[in-house]
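Remember, it's 1-based here, ligands and their atoms both numbered in the order they're listed. Positions are given from 1 along the sequence.
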Amino acid sequence: MKNKVLDRLAKIPYGKGGQNLVSAGMISDIVVMDNKVVFSITVPEDGGQEINELQATAEREVSRIEGIDTVLVVLTAEKKASKPEQKEPPKLSTKPDRPVGPDMRPTPGAIPGVKAVLAVASGKGGVGKSTTSVNLALGLRALGLKVGLLDCDIYGPSIPRLMGITERPEIVNHRIIPVEQYGIKVMSMGFLMDEEAPLIWRGPMVTSGLMQMVREVEWGALDVLVLDMPPGTGDAQLTLAQQVPLAGSVIVSTPQDLALIDARKGLKMFKNVDVPILGIIENMSTFFCPHCGERSDIFGHGGAQAEAGKLGVLFLGAIPLHMDIRHFSDQGKPVVVAEPDGVHAKTYKQIAMKVAALMGEAD
Ligand code: ADP
């Protein structure tokens, strides 16, 4: 099927000298899943209107292939987010306020067996970051990837509840064996602490606790490890962003302006440590009344999309504010598992396809 897609795209002329989209090296990350196709077109930043036409033409050409009903074209203006370089440390920020002198920070090493680490972050709590992490991880799993999910929110770990996990991980030879649920490997500090006793951690313990969870867990072979980051942009987040070799990050935001201001902080943090930002996901976008089905844009709609455009990051998709999403989460059965063919699962899976394509992780 991939070849059929390439054949179609090779019919679209591009550039000078009789080149086409494929021969000009514009196409990457073709993902085919059932009857859906996602691929990226690397475009020049100053492409203007011509690029939109190119996108529409590519979409139209590929959707003509028999058996294909959904085509998603991701435009990437920058260099593709690459997998973490295993030997070289990420480039350090050149922020002017950084003291001059040798950089003594530890070099992030690769996590054995883990091909790519994806951070799911938000500028503040309560925007649905954990719900999004879980469903995105399950969406990536539905693409056929081997997926792990690490709950890094050590103050309010909610992943065990969202994933309906009541058992605790085993410890074998001083290594933690993650709990497997719905086809993905899960680890959370919540497994190791008493739900009734809130944890009070001092700064350095937060960092070492988090790093321990990343390094001392027996993940085995994974295509993607999804990190549900702690909300906000404090020290713990920064440490994770610096010390874990992240292939990319996504920012979850509600449409409210305030959240977007916070989301901007999240973007800045990843930019400062040179972690590729794959895009923004708008959560609790439109509200659909469970009784009458009427649509209301409670928090305003499209704010994140407009903001993503302004900030030059990709808009990965919008998830509605819907009772089902909450209801299934409360039952410990995320909507992607509870209703795998439903409309919400479809949205999460489409976002997962884009994320996989951007990370170059889907094949
Ligand atoms: P965060 O991790 O950002 O603190 P959570 O994922 O825990 O947020 O979500 C906060 C609350 O909002 C939870 O009760 C969750 O079920 C609910 N929620 C999250 N996303 C949605 C959505 N799209 N529709 C309905 N409820 C949602």
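Separating the CD1 atom in I319 from the CG atom in L136 is a distance of 8.0 Å, to the nearest 0.5 Å.
At a 3.5 angstrom cut-off on N or O pairs, G128 counts as close to ligand 1.
Of all protein heavy atoms, the one lying nearest to atom 4 (O) of ligand 1 is G126 N, 2.9 Å. Atom 15 (C) of ligand 1 has as its closest protein heavy atom T131 OG1, 3.7 Å. At the top of the distance list for atom 26 (N) of ligand 1, counting protein heavy atoms only, stands R326 CB, 3.5 Å. Among all protein heavy atoms, the one lying closest to atom 18 (N) of ligand 1 is M284 CE, 3.8 Å. For atom 7 (O) of ligand 1, the closest non-hydrogen atom of the protein is S130 CB, 4.2 Å. Here the heavy atom of the protein found nearest to atom 20 (N) of ligand 1 is N283 ND2, 3.0 Å.
V250 and L238 fall within the same hydrophobic cluster, defined by Ile, Leu, Val, Met, Phe, Trp and Tyr side-chain heavy atoms under 4.5 Å apart, directly or through other members. Residues V273 and M359 fall within the same hydrophobic cluster, defined by Ile, Leu, Val, Met, Phe, Trp and Tyr side chains chained together at heavy-atom separations under 4.5 Å.
In S122, neither the side chain nor the backbone holds a heavy atom less than 4.0 Å from any atom of ligand 1. Contacts of L321 with ligand 1, taken as heavy-atom pairs under 4.0 Å, involve both backbone and side chain. Neither the backbone nor the side chain of T132 has any atom closer than 4.0 Å to an atom of ligand 1 (non-hydrogen atoms only). With a 4.0 Å cut-off on non-hydrogen atoms, H322 touches ligand 1 through its backbone and not its side chain.
Between P276 and A247, the shortest heavy-atom distance links the atoms CG-O, 3.4 Å.
Heavy-atom contacts of P320 reach the following atoms of ligand 1: 22 (C), 23 (N), 24 (N) (cutoff under 4.0 Å). Applying the 4.0 Å criterion to heavy atoms of K129 picks out, from ligand 1, the atoms 1 (P), 2 (O), 3 (O), 6 (O), 8 (O). Residue-ligand proximity, V127 to ligand 1, at heavy-atom distances under 4.0 Å covers atoms 3 (O).
Comment: R326 engages D330 in a salt bridge, judged by a side-chain N to carboxylate O separation of less than 4.0 angstrom.
Q350 and T347 are not linked by any side-chain donor-acceptor pair at a separation below 3.5 angstrom, with hydrogens and angles left out of the test. In summary, the side chains of D228 and S130 do present a donor paired with an acceptor at a separation below 3.5 Å, with no hydrogens or angles considered. If you check the side chains of Q19 and S23, you find a donor sitting under 3.5 Å from an acceptor.
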Verdict with supporting geometry, L225 and L150, side chain to side chain contact (heavy atoms under 4.5 Å, CB included): CA-CA 7 Å; L225 174 61; L150 175 59; 4.2 Å; yes
Check the pair M1, I68 against side chain to side chain contact (heavy atoms under 4.5 Å, CB included), reporting the backbone distance first and the verdict last. CA-CA 10 Å; M1 182 54 88; I68 296 296; 3.9 Å; yes
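Contact annotation for atom 11 (C) of ligand 1: protein absent (non-hydrogen atoms, distance under 4.0 Å).
Within the 4.0 Å heavy-atom cutoff, S285 does not count among the residues contacting ligand 1. Heavy-atom separations between P231 and ligand 1 are all 4.0 Å or longer.
Atom NZ of K185 is surrounded by more than 12 heavy atoms from other residues, nucleotides or ligands within 6.0 Å.
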